[in-house]
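This report concerns only the one structure given below.
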2 protein chains.
Amino acid sequence: MTSRHTRRDVVEAAGRLFAQKGYHGTSMRDLGRELGLLGSSLYAHISSKEDLLVEVVDRGAAEFQEAAQKALATPGSAVDRLRALVAGHVGVVLDHMDEVRTFLNEARALDGGHRERVLAARDRYEQAFRRVLAEGVEEGSFRADLDPKLTAIFVLSILNALDRWYRPGGPLDADGLVDALMEFVLSGILAGRRE
Amino acid sequence: MTSRHTRRDVVEAAGRLFAQKGYHGTSMRDLGRELGLLGSSLYAHISSKEDLLVEVVDRGAAEFQEAAQKALATPGSAVDRLRALVAGHVGVVLDHMDEVRTFLNEARALDGGHRERVLAARDRYEQAFRRVLAEGVEEGSFRADLDPKLTAIFVLSILNALDRWYRPGGPLDADGLVDALMEFVLSGILAGRRE
DNA sequence: CCTACCGATCGGTAGG
DNA sequence: CCTACCGATCGGTAGG
């Protein structure tokens, strides 16, 4: 056997530590220790610490983008597509927590060009929500006075905070979480609006 | 004149840089440059970098706590108190953006004891929201099946993301923001629920 | 993947 | 608040 770790192992471990302690809070020696080797040995697999961050963040971005594309292809009403977007987001958070947290919190550690690419990816993702919200207004499902841009921000604010509190295996499973999210977003909290 | 900067100046500048680049992304020399002096000169005002973080974070926590206490004292219905909590939060974000961002994002850089204190402060603040939501259920303003704990998380998720996108001086002023937040939280986005 | 390093930068101190 | 440092740690490289 030649080497016991693949480049992929290194990127995954980096995601774990960047998510936990931040990019600047993680040293290459920390990362080596996580994998059971020396910091300097990592350079057999990668060429710089910043490259690692770029790769982790890009994976997060790609997962969200893919989930959004699938959700937008959901047939039915705008409500159905919004639910698909929310369920897709929950799925990405559960399956790729570390990349998601790094994508959301560590973009500022990237240099200008890479940071702009990440912000552009976030904006594209947000557009998927805006589009579905606007469709819902057109078809009459959502309030006529709804501001798709502002509302997309509100919905995404809730979704982007999931990694801060939601723990799989707790009392609320993924389906229950999606239901609770949709009820809150669709109907709010006031009583006496169903009868 | 003896010194041109007060301890307070140092703490404020630290808040600015910690909010912008993170605790680990800010060096004492960066902080000195921000104030026009050398990194080593800062130690005439403070005793360690970590102390600075503790002080910035504590200020953020105190602002939120104070705002919550005032809001809870608002007479009227639970809806009125919820609006007061939301308006108070918006006020704190607008007036103390740097401390807020440091409080929300840099707590993990604190050592165990200090970090626990911050998490306890966040929990107390969240409790204020839970209490008002539970009151609203009891008085019949909010849905009977509402989960105050989960709903508090949703509302605070939206509020805690404000610093990521809201810019004073833009098209939406603070009052308009509070109105939009309350409409979203109270009524959701579905059409045909008012008539 | 390790050994043996490199120059740069880190938080912080002594003394004025 | 500066000068002149300190030991520790940083990201990274050469050579095997």
Side-chain angles (χ1 to χ4, degrees), chain A residues 1-58 102 105-115, chain B residues 1-58 102 105-115:
Chain A
M1 74 198 77
T2 52
S3 68
R4 279 175 300 195
H5 293 102
T6 64
R7 179 189 173 87
R8 194 186 171 99
D9 293 333
V10 176
V11 176
E12 276 180 17
R16 234 174 296 143
L17 295 191
F18 292 166
Q20 212 174 88
K21 319 198 297 174
Y23 176 75
H24 290 303
T26 302
S27 73
M28 293 305 279
R29 286 157 178 87
D30 289 338
L31 182 52
R33 197 179 312 118
E34 177 83 4
L35 291 165
L37 42 82
L38 296 178
S40 57
S41 302
L42 296 165
Y43 291 89
H45 297 103
I46 54 111
S47 68
S48 76
K49 189 187 177 190
E50 167 122 22
D51 276 2
L52 268 181
L53 178 59
V54 170
E55 201 156 326
V56 172
V57 162
D58 278 353
T102 305
N105 300 319
E106 300 303 320
R108 68 178 167 197
L110 290 167
D111 67 76
H114 288 298
R115 191 169 56 243
Chain B
M1 70 196 82
T2 51
S3 68
R4 279 175 299 193
H5 293 102
T6 64
R7 179 189 174 86
R8 195 188 170 98
D9 293 333
V10 176
V11 175
E12 277 180 16
R16 232 175 297 143
L17 294 192
F18 293 166
Q20 211 174 89
K21 320 200 295 173
Y23 177 74
H24 290 302
T26 302
S27 73
M28 294 304 280
R29 286 158 178 85
D30 288 338
L31 182 51
R33 198 179 312 119
E34 177 83 5
L35 291 164
L37 42 80
L38 296 178
S40 57
S41 303
L42 295 165
Y43 291 89
H45 296 103
I46 53 115
S47 66
S48 77
K49 190 188 177 191
E50 167 123 21
D51 276 2
L52 268 180
L53 178 59
V54 170
E55 201 156 326
V56 172
V57 162
D58 278 354
T102 304
N105 300 319
E106 301 303 319
R108 69 178 168 198
L110 290 168
D111 66 76
H114 288 300
R115 190 171 54 242

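All values below come from the heavy atoms of this structure, side chains included, with hydrogens, waters and symmetry mates left out. We name chains A, B, ... by the order of the sequence lines, and we start the count at 1 in each one.
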Handout entry: Annotated protein contacts, base or backbone, on nucleotides 3-16 of chain D with a non-hydrogen cut-off under 4.0 Å, one of B, S, - each
Key = BB-----BBBB---
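- When each of B:Val57, B:Asn105, B:Leu53 is tested with B:Phe18 by the rule side chain to side chain contact (heavy atoms under 4.5 Å, CB included), just one qualifies, namely B:Leu53.
- B:Arg29 places no side-chain N or O within 3.5 Å of a backbone atom of B:Gly39 that could act as its donor or acceptor partner.
- Rounded to the nearest 0.5 Å, atoms CG (B:Leu31) and CD1 (B:Ile46) are 7.5 Å apart.
- Stem regions for DNA chain D, each three or more consecutive Watson-Crick or G-U pairs with both distances under 3.5 Å and listed by first number, read C:1-16 with D:1-16.
- Here the CZ-OH distance, from A:Arg108 to A:Tyr23, works out to 13.0 Å after rounding to the nearest 0.5 Å.
- Looking only at distances, a side-chain donor or acceptor of B:Glu50 sits under 3.5 Å from a matching main-chain atom of B:Asp111.
- Between A:Asp30 and A:Lys21, the closest side-chain pair of non-hydrogen atoms falls below 4.5 Å.
- Atom-to-atom distance recorded for B:Glu34:CD and B:Arg16:CZ is 4.5 Å, nearest 0.5 angstrom.
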